[in-house]
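Only this structure's heavy atoms are used, side chains among them; waters, hydrogens and symmetry mates stay out. First the proteins, then the strands, lettered A, B, ... as listed; each starts at 1.
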Amino acid sequence: QSALTQPASVSGSPGQSITISCTGTSSDVGAYNYVSWYQQHPGKAPKLMIYEVSNRPSGVFNRFSGSKSGNTASLTISGLQAEDEADYYCSSYTSSSTPNWVFGGGTKLTVL
Amino acid sequence: EVQLVQSGAEVKKPGESLKISCKGSGYSFTSYWIGWVRQMPGKGLEWMGIIYPGDSDTKYSPSFQGQVTISADRSISTAYLQWSSLQASDTAMYYCVRGWYYFDYWGQGTLVTVSS
């Protein structure tokens with residue numbers, strides 16, 4: 001199963017907004033509204049930030065938002081803060097053959 | 001509070017077997033799927049497989065089918081990931097996760113190092 005495609009890195013200054021894209025296919029991102037996003041700080045376990053394309057779990061700031069158009073999902077972080085610097089991974093459910101989950105390659109966010 | 005607590009780091013030699021664990025607490029263990037995710041050093045996340053402790057229904061990623069075995073003991077709310085013969089390429093951090101369409105809780109990770 002091929003990984004979803006994410007930019008290797010993005011950067012922004014405090015207070016700015018950034019968007020991370022996640023491109024899949026009509027068998028995963030395009031087929032289901034089951035895209036999720038995870039934040040991973042160095043040496044830590046990933047943390048769920050967005051589920052089912054645009055829903056935020058309790059405790060996640062509303063500076064984080066998600067959307068999808070066709071085969072591409074996006075994570076937007078507004079009002080960038082230093083603590084947002086981390087790796088971000090998208091994931092999608094797919095059942096092209098058997099139930100399966102595919103992750104993106106990850107995006108390193110640098111807060112300048 | 002929902003928690004997934006994994007077993008400690010392991011150092012093994014090629015060809016050895018290994019079973020790592022993930023104990024769930026703070027929720028009904030038999031009512032949620034538990035999956036396993038691999039992260040090789042400096043690399044991204046890879047989904048390996050998933051089990052429903054309620055009836056032990058298990059599904060594997062095609063990439064990991066036949067390479068690992070996932071199991072669960074619902075009497076002690078624990079899921080397992082095991083290898084019968086480790087290879088150096090199995091060196092990675094392994095996370096257990098809760099959920100089906102998305103993974104809302106993650107274990108702290110178990111680092112497995114395979115080296116001669």
Practice task
Please lay out, stage by stage, how A:Arg63 and A:Asp84 fare under the test salt bridge (Lys or Arg N to Asp or Glu O under 4.0 Å).
Solution key: CA-CA 10 Å; A:Arg63 301 187 295 103; A:Asp84 298 333; 2.7 Å; yes
Practice task
Output, in order, the C-alpha distance, side-chain angles, deciding distance and verdict of ring pair (Phe, Tyr, Trp, His ring centres under 6.0 Å) for A:Trp37 and A:Phe64.
Solution key: CA-CA 10 Å; A:Trp37 290 89; A:Phe64 292 84; over 10 Å; no
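In this structure, chain A has heavy atoms under 4.5 Å from both the backbone and the side chain of B:Tyr101. Only the side chain of B:Val37 comes within less than 4.5 Å of a heavy atom in chain A; its backbone stays farther off. Neither the backbone nor the side chain of A:Pro57 comes within contact range of chain B; no heavy atoms are under 4.5 Å apart. If you measure heavy-atom distances from A:Tyr32 to chain B, you find no contacts under 4.5 Å at all. Proximity to chain A (any heavy atom under 4.5 Å) is restricted, for B:Gln39, to the side chain, taken from C-beta onward.
Interface check for chain B: of the options A:Pro46, A:Ser92, A:Ser36, the most heavy-atom pairs under 4.5 Å are formed by A:Pro46.
The aromatic rings of B:Phe29 and B:Tyr27 sit tilted, their planes meeting at an angle between 30° and 60°. Ring pair B:Trp47/A:Trp101 is tilted by interplanar angle, where 30° to 60° counts as tilted.
The cationic group of B:Arg38 does not satisfy the cation-pi geometry with B:Phe64, failing either the under 6.0 Å distance to the six-membered ring centre or the 45° limit from the ring axis.
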